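One-based numbering, in listed order, for ligands and for the atoms of each. Note that the structure is predicted; figures quoted are calculated from it, not measured. Computed over heavy atoms, backbone and side chain alike; hydrogens, waters and symmetry mates excluded.
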Amino acid sequence: MSRTTVATIHLSALRANLARIRALSHGANIMAVVKADGYGHGLERVARALADADAFGVAAIADGLRLRAAGLRQRIVVLSGPDEAADLAEMRRLQLDAVIHHEAQLQWLEADRDSRPLRVWLKIDTGMHRLGFAPEQVAVVHDRLRALATLHDDIVLMTHFAASDEFDSTTTATQIARFDEVTRHLPGERCLSNSAGLLGWPAARSDWVRAGGLLYGLSVVAGKSGSELGFAPAMTLSSRLIAINRLRQGEKVGYAGTWTCPDDMDVGVISIGYGDGYPRSAASGTPVLIGGEFAYVIGRVSMDLITLDLRQAPSARLGDRAVLWGRGLPAERIADAAGTISYDLTCGMTKRVLFVED
Ligand SMILES: *Cc1c(COP(=O)(O)O)cnc(C)c1O
């Protein structure tokens, strides 16, 4: 095989992370969020590994279709609900739960004559200002939903946090208080927390947790990797060292020569680049793991290749496998160096990367 970039998906890590989320959730149901192709890990593969989840959360009906086609029978929640009236028939056929967040969706439901049952989640905007009904609309919307004969009457009340990864900010506390106030007199299960909410906000404990990042061993908490929070990386991205070149002090490396050798030194070349999803924005100094040693990106990331300072990796040999992130090298370190978050990295793998499971 000529391309050597491999994303190894650790199914045991997915399972262990789900078990840990469950242990932290004090009996809540777990919605495993598998949008964006399971955060880039592969939708069906992730869902099969997480068959113990109580529900799956997806961004689009097409993902629900894929999960049903793969034989999964759990509840599947389409996090943004129907996009048009015609989606309701497809959601009823596939038994996908609909998140209702907008007046237009409510009107499609009220006009719908289809008698097949449908479950709905009522999304409340407590401050994120992305999707959801404003607090003052909620009581009336809830009444209108309850009046619809084909809807299950166990409407789940949900909201989403804008900054739950900031454990010392007041934003989340305000959102929780607003949610409690708005839903005080309404029946039904509650669903508030995402991954960071689960870790940082015990007051948001409720009937359902929507967990994404932590399932994959990823963190959005500043300064903490998934591993430091006790979760195992579910993806290890690796490729191969295909050249080692001895360069002289003062020579420049890569496009535009943005890095100059401070010494006579070995420069390694790995066959991975932004064409695989390795971020072009990864700055000089971004670590790569070769054997037990760290080498560091120097110069620009190209489409197919990156160049490395091998001075601290003297054991590196041609043909060695290098880990770009995953076991031994948290994706959060790469994300920090690239000015993004780890979710963005795993979601960005391209089609030429070979996915394998272990
Ligand atoms: C993506 C998403 C989640 C999961 O968030 P994580 O930070 O990955 O746990 C939960 N709820 C909604 C509405 C989402 O869009």
Side-chain angles (χ1 to χ4, degrees), residues 13-14 17-18 20-22 24-25 28-41 43 46-47 50 53-61 63-64 75-83 96-102 105 120-133 156-167 169 171-172 175-176 179 189-201 204-222 224-226 229-231 233-235 331-332 335 340-348:
L14 288 167
N17 291 338
L18 176 59
R20 184 164 161 76
I21 289 167
R22 223 180 246 301
L24 291 170
S25 300
N29 292 308
I30 312 296
M31 183 198 301
V33 179
V34 294
K35 63 198 189 196
D37 206 30
Y39 288 42
H41 296 64
L43 176 63
V46 167
L50 299 177
D54 302 293
F56 293 110
V58 297
I61 292 174
D63 290 345
R75 285 176 79 166
I76 297 174
V77 183
V78 180
L79 292 168
S80 49
D83 295 333
L96 307 180
D97 292 15
V99 171
I100 300 301
H101 58 80
H102 195 274
Q105 296 173 317
V120 299
W121 300 53
L122 169 53
K123 177 96 174 247
I124 303 167
D125 177 17
T126 54
M128 171 89 174
H129 301 319
R130 194 176 59 178
L131 296 182
F133 289 97
V156 186
L157 304 167
M158 72 180 272
T159 195
H160 192 49
F161 295 137
S164 53
D165 54 313
E166 296 168 20
F167 295 161
S169 121
T171 310
T172 305
Q175 287 195 260
I176 296 169
F179 183 86
E189 293 177 324
R190 271 81 171 141
C191 176
L192 293 90
S193 286
N194 53 0
S195 292
L198 171 67
L199 294 175
W201 298 93
R205 275 188 198 137
S206 56
D207 304 293
W208 285 90
V209 170
R210 301 185 307 275
L214 289 180
L215 282 173
Y216 309 97
L218 303 174
S219 160
V220 284
V221 179
K224 290 269 186 212
S225 67
L229 296 168
F231 293 84
M235 175 192 290
E332 287 73 27
T340 186
I341 60 170
S342 54
Y343 295 14
D344 185 26
L345 299 181
T346 61
C347 283

Which residue and non-hydrogen atom of the protein lie closest to [atom], and at what distance in Å?
{"atom": "atom 12 (C) of ligand 1", "answer": "His160 CE1, 3.4 Å"}
{"atom": "atom 8 (O) of ligand 1", "answer": "Tyr39 OH, 2.5 Å"}
{"atom": "atom 9 (O) of ligand 1", "answer": "Ser195 OG, 2.5 Å"}
{"atom": "atom 10 (C) of ligand 1", "answer": "Arg210 NE, 3.5 Å"}
{"atom": "atom 6 (P) of ligand 1", "answer": "Tyr343 OH, 3.4 Å"}

- Query: Between His101 and Arg130, does any side-chain donor sit less than 3.5 Å from a side-chain acceptor?
  - Reply: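 Short answer, no.
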
- Query: Is a side-chain N or O of Ser342 found less than 3.5 angstrom from the main chain of Ala331, in a donor-acceptor match?
  - Reply: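 A pair under 3.5 Å: no.
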
State, yes or no, whether a side-chain contact exists between [X] and [Y] at a heavy-atom distance under 4.5 Å.
{"X": "Arg22", "Y": "Asp54", "result": "yes"}
{"X": "Leu229", "Y": "Glu332", "result": "no"}
{"X": "Ile21", "Y": "Leu198", "result": "yes"}
{"X": "Leu131", "Y": "Ser80", "result": "yes"}

- Query: What atoms in ligand 1 come closer than 4.0 Å to a heavy atom of Gly213?
  - Reply: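 Taking each heavy atom of Gly213 in turn, ligand 1 has 6 (P), 8 (O), 9 (O) under 4.0 Å.
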
- Query: For ligand 1, which atoms, with element, lie under 4.0 Å from some heavy atom of Lys35?
  - Reply: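 Checking each atom against Lys35, I get 1 (C), 2 (C), 3 (C), 14 (C), 15 (O).
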
- Geometric N/O contact Gly212 with ligand 1, under 3.5 angstrom: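 Indeed, backbone or side chain, Gly212 has an N or O that close.
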
